[in-house]
Amino acid sequence: MNTAIIETPAGYSGLSWTPVGLVVLNLPSPSPQDAEIKLREAIEGLPVKPGSKKEIPGSWFELSSVEREIALYFGGKSVDLEFPVDWGYYTEFQKRVLQKVYLIKWGQATTYGQIAADLGSPRGARAVGSAVGSNRALLIIPCHRVIARNSGLGGFGGGLDWKRKLLKLEGITYKE
DNA sequence: CTAACTAAACCTA
DNA sequence: TAGGTTTAGTTAG
């Protein structure tokens with residue numbers, strides 16, 4: 001498990017990855033030290049033996065390109081942040097949900113219920129909510145673009161203030 | 001296996 | 001808008 005701390009316009013972010021793809025990308029913290037603590041906590045919380053299978057040979061990962069894209073993102077640019085994700089750390093259901101979320105483009109939004117319907121469980125919105133909450137690769141898996149259909153904007157692991165900030169950055173509106 | 005959790009949605013008034 | 005009901009998957013015991 002590789003780890004690094006990168007600098008972004010919004011602070012310092014910790015990330016970790018395997019030869020398969022990204023595992024963790026945290027939201028920026030004010031200091032590198034804070035970012036490191038958050039990263040360590042995120043890694044400790046990972047399920048034990050990951051089911052990572054097919055490894056992509058060669059190095060897909062260039063820290064500098066991640067750093068550059070994240071910087072563009074916080075600068076308000078419409079970037080896709082399409083980096084590979086190591087899905088081996090999620091349960092089957094979480095993976096199905098998060099892979100849907102992964103496809104949501106910059107500036108777009110969907111609802112928990114819509115994802116549930118896409119997965120064939122039209123009434124599974126609540127289960128989708130708990131699965132989305134397991135996302136560890138923030139921004140890369142844009143779970144902030146998933147909002148509640150009727151009341152409110154749902155929740156967010158990194159705090160609702162962050163969610164509002166990210167949605168505003170992308171010009172996404174929601175009911176409040 | 002059950003029961004108590006959810007980052008939801010729906011129904012009624 | 002507010003409150004209660006329904007709902008599906010995860011997690012703890």
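All chains are named by letter (A, B, ...) in the order of the sequence lines, taking the proteins before the strands, and each is independently numbered beginning at 1.
Going from atom CZ of R149(A) over to atom P of dA7(B) covers 19 Å, rounded to whole Å. A straight line from CG of L160(A) to P of dA7(B) spans 10 Å, rounded to a whole angstrom. The separation between L119(A) atom CG and dA8(B) atom P is 16 Å, rounded to whole Å. Taking atom CG of residue D118(A) and atom C1' of nucleotide dA8(B), one finds them 15 Å apart after rounding to whole Å. For the pair D161(A) CG and dA7(B) P, the interatomic distance rounds to 16 Å; values are reported in whole Å. Between the CD1 atom of I115(A) and the P atom of dT7(C) there is a distance of 21 Å, rounded to whole Å. Following rounding to the nearest Å, Q94(A) (CD) and dA7(B) (C1') show an atom-to-atom distance of 13 Å. Rounded to an integer number of Å, the gap from OH of Y90(A) to P of dT11(C) is 12 Å.
At the heavy-atom level, G113(A) lies under 4.0 Å from the strands shown only through sugar-phosphate atoms. Residue A127(A) is in base contact, counting any heavy-atom pair closer than 4.0 Å across all strands shown. If you check every strand for non-hydrogen atoms under 4.0 Å, T91(A) touches sugar and phosphate atoms only. Contact annotation for G124(A): backbone-only contact, meaning every heavy-atom pair under 4.0 Å involves sugar-phosphate atoms and none involves a base. Backbone-only engagement by F93(A) is indicated by non-hydrogen atom pairs under 4.0 Å involving sugar-phosphate atoms exclusively.
Across the strands present, dT12(B) finds its partner in dA2(C); the criterion is a Watson-Crick or G-U wobble pair with both atom distances under 3.5 angstrom. dC5(B) is paired with dG9(C) under the criterion used here, namely a Watson-Crick or G-U wobble arrangement in which both key atom distances are under 3.5 Å.
Salt bridge status for K38(A) with E41(A): absent, with no side-chain N to carboxylate O gap under 4.0 Å. A salt bridge links K105(A) with E82(A): the closest approach of a Lys/Arg side-chain nitrogen to an acidic carboxylate oxygen falls below 4.0 angstrom.
Neither OP1 nor OP2 of dA8(B) sits under 4.0 Å from any side-chain N or O of N150(A). Residue S130(A) places no side-chain N or O under 4.0 Å from the OP1 or OP2 atom of dC5(B).
Between Q94(A) and T91(A), the side chains place a donor N or O and an acceptor N or O closer than 3.5 Å (distance only, hydrogens not considered).
Between dA8(B), dA7(B), dT7(C), one nucleotide has an atom nearer to the side chain of K163(A) than all others, and that is dA7(B).
Nearest-nucleotide assignment on DNA chain C puts the 5′-proximal partner with R126(A), out of A131(A) and R126(A).
A cation-pi arrangement is not found for R96(A) relative to Y90(A), the charged atom failing to lie both closer than 6.0 Å to the ring centre and inside a 45° cone about the ring normal.
Atom OH of Y89(A) and atom CG of L46(A) lie 6.0 Å apart (nearest 0.5 Å).
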